[in-house]
Amino acid sequence: MFFLPHASSASSSSDRPDAALDRLLRRLVLTGLALVLLVPLARANTDALGWLPLWLVGMPAVAWWALHRFRMPGRVVLARKAVRRRGPQARRLRLAPVGPSRAA
């Protein structure tokens, strides 16, 4: 089992993940992907584990993504920053309270 130091919320988002764990997870993802593509038995569904591509590709890929602190790909982040408004926050208009209308 790996025990990694817990990153505080104050740490910078540009911190690099552990290189050895990054390499290990990348190899697990690529190995699992090769197994699923080349070995038909690796695409099976077992009673003990369930759907094998989930465990061979999906779970290592999510762990690798989590190691990088769930960063979005570059284009998506840039598109979000471009759309964001920089002006002041919109305010609601305060209307006079509407009471029952009086017939004249």
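All values reported here derive from a predicted model rather than from experimental measurement. Note that the numbering runs from 1 along the sequence shown for the chain.
Listed by chain and residue number, D18, R23 satisfy the side-chain contact (heavy atoms from CB on, under 4.5 Å) test with A20 (two or more places apart in sequence, or in another chain).
Linking ILVMFWY residues whenever their side-chain heavy atoms come closer than 4.5 Å, directly or via other members, places L33 and L52 in the same cluster.
Atom CG of residue L67 and atom CG of residue L25 lie 6.0 Å apart, to the nearest 0.5 angstrom.
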Only pairs under 3.5 Å count here: list side-chain donor-acceptor contacts from residues 55-64, not counting sequence neighbours, and write none if there are none.
unit_1 : atom_1 : unit_2 : atom_2 : d
W55    : NE1    : L49    : O      : 2.7
W64    : NE1    : D22    : OD1    : 2.6

With a cut-off of 3.5 Å and sequence neighbours excluded, list every side-chain donor-acceptor pair involving residues 37-44.
unit_1 : atom_1 : unit_2 : atom_2 : d
R43    : NE     : V36    : O      : 2.7
R43    : NH2    : L37    : O      : 3.3

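Of the candidates L30, L24, V29, L30 is the only one forming a side-chain contact (heavy atoms from CB on, under 4.5 Å) with R26.
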